[in-house]
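Data first, discussion second: the structure below is written as structure tokens.
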Amino acid sequence: KKQQRKKNDTLIGPRTVKKSYEGEILPGSHPYKCTFCDKRFKQVGHANLHERTHTGDKKYICSYCQKKFNQLSHLKDHERIHTGEKPFVCDMCGKCFGYNSALKSHKKIHTGEKTYKCGFCEKSFNQLGNLRTHERLHTGELKFMCSECGKCYNTRSNLGRHACNR
């Protein structure tokens, strides 16, 4: 049986549309659609946040460097760069991080979890950056160049060991 909904759109700002539906919303459904693309959301607030990526609406401004953000949580995360605050603490070793995502990535060191698999060989890695560095060995990509002589290297550390940089 197909669900019937009546859609009510109300303009609440120059570019923000609040969406609501009358009738039952089925569990697992995504009734709120972005007005700019085909992406759908379970919650109206998530749809409104997403639409800011299309409109460029960035009303949260860093008090240190004036960089703008479309979400308050992104501003708060960013400001930790300036304050040095590291509220996320590893319960296994006590190391502190400014971002929860960095803590989650770090914890893989303790658990031995290696979710990033090389597309060229059988090696696996616990961090995406380590996988990308490793894959450059297979592709031959030389991403780091000496500004003095133009010689290229596959890692920043190899460039740092280069004679021109000493």
Side-chain angles (χ1 to χ4, degrees), residues 26-62 64-166:
L26 300 173
S29 67
H30 294 76
Y32 306 102
K33 183 181 175 297
C34 174
T35 56
F36 299 96
C37 70
D38 291 331
K39 197 162 186 177
R40 302 187 75 83
F41 300 88
K42 290 181 181 182
Q43 297 177 15
V44 67
H46 293 166
N48 287 336
L49 281 175
H50 166 78
E51 286 183 356
R52 289 185 192 164
T53 63
H54 296 289
T55 64
D57 182 19
K58 295 182 177 185
K59 61 184 178 180
Y60 303 103
I61 303 169
C62 176
Y64 298 93
C65 69
Q66 281 58 59
K67 185 172 181 178
K68 296 179 181 182
F69 298 88
N70 62 358
Q71 292 184 39
L72 180 59
S73 63
H74 293 172
L75 169 63
K76 290 184 181 224
D77 286 346
H78 165 79
E79 285 185 334
R80 289 192 201 110
I81 294 168
H82 301 292
T83 65
E85 180 189 8
K86 294 183 176 185
F88 302 99
V89 182
C90 178
D91 55 2
M92 301 177 99
C93 71
K95 189 170 181 177
C96 300
F97 299 89
Y99 299 93
N100 191 37
S101 59
L103 172 61
K104 286 180 181 179
S105 179
H106 164 79
K107 283 187 171 184
K108 292 178 183 179
I109 294 168
H110 298 298
T111 64
E113 180 185 355
K114 294 184 175 183
T115 54
Y116 302 102
K117 302 190 183 329
C118 177
F120 300 96
C121 71
E122 299 298 313
K123 283 191 102 172
S124 296
F125 300 86
N126 57 6
Q127 295 184 2
L128 180 58
N130 294 343
L131 169 64
R132 288 185 175 150
T133 298
H134 167 79
E135 286 185 334
R136 285 199 295 269
L137 295 173
H138 295 290
T139 64
E141 179 186 1
L142 302 174
K143 189 175 176 181
F144 303 94
M145 184 174 77
C146 176
S147 59
E148 296 219 5
C149 71
K151 191 165 183 184
C152 296
Y153 296 88
N154 65 336
T155 65
R156 188 182 315 278
S157 60
N158 286 344
L159 171 61
R161 287 191 287 272
H162 173 59
C164 288
N165 296 327
R166 291 184 191 177

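Numbers for residues simply follow the sequence, beginning at 1.
Interatomic distance, NZ of K104 versus NZ of K108, reported as 10.0 Å (0.5 Å rounding). Going from atom NZ of K68 over to atom CG of L75 covers 12.5 Å, rounded to the nearest 0.5 Å. Expressed to the nearest 0.5 Å, how far OG1 of T155 lies from CG of L137 amounts to 8.5 Å. Expressed to the nearest 0.5 Å, how far CD of E113 lies from NZ of K107 amounts to 11.5 Å. Annotation: the span from E85 atom CD to K76 atom NZ amounts to 10.0 Å, rounded to 0.5 Å. Of the inter-residue distances, the one linking M92 atom CE with I109 atom CD1 reads 11.0 Å to the nearest 0.5 angstrom.
Put simply, the side chain of T133 gets close to the backbone of G129: a donor and an acceptor are under 3.5 Å apart. Side chain of K33 to main chain of C37: a donor-acceptor pair is present (N/O by atom type, distance under 3.5 Å, no hydrogens or angles). Not one N or O on the side chain of Q71 forms a donor-acceptor pair closer than 3.5 Å with the backbone of L49.
The ring of H46 has its center no closer than 6.0 angstrom to the ring center of F41. Proximity of the aromatic rings of F36 and H54 is defined here by a centroid distance below 6.0 angstrom, and this criterion is met.
Closest non-hydrogen pair, Y60 versus R52, comes out as CE1-NH1, 3.8 Å. The two atoms that bring C118 and E135 nearest to each other are CA-OE2, 3.7 Å, heavy atoms only. Residues P31 and R40 share a closest heavy-atom pair of O-NH2, 3.6 Å. Taking all atoms of both residues into account, the shortest heavy-atom contact from C93 to H106 is SG-NE2, 3.4 Å. Minimum heavy-atom separation, L131 to Y116: CD2-CB, 3.7 Å. Among all heavy-atom pairs drawn from G98 and K86, the shortest one is N-CG, 3.9 Å.
The one candidate from N158, N154, L159 that meets the side-chain contact (heavy atoms from CB on, under 4.5 Å) condition with L142 is N154.
F144 has its side chain within reach of R136: a pair of non-hydrogen atoms, C-beta onward, lies under 4.5 Å apart. With a 4.5 Å cut-off on side-chain heavy atoms, H50 and Y32 do not count as touching. C164 is not listed as a side-chain neighbour of K151, based on a closest heavy-atom distance of 4.5 Å or more. Between Y64 and T83 there is a side-chain heavy-atom pair separated by less than 4.5 Å.
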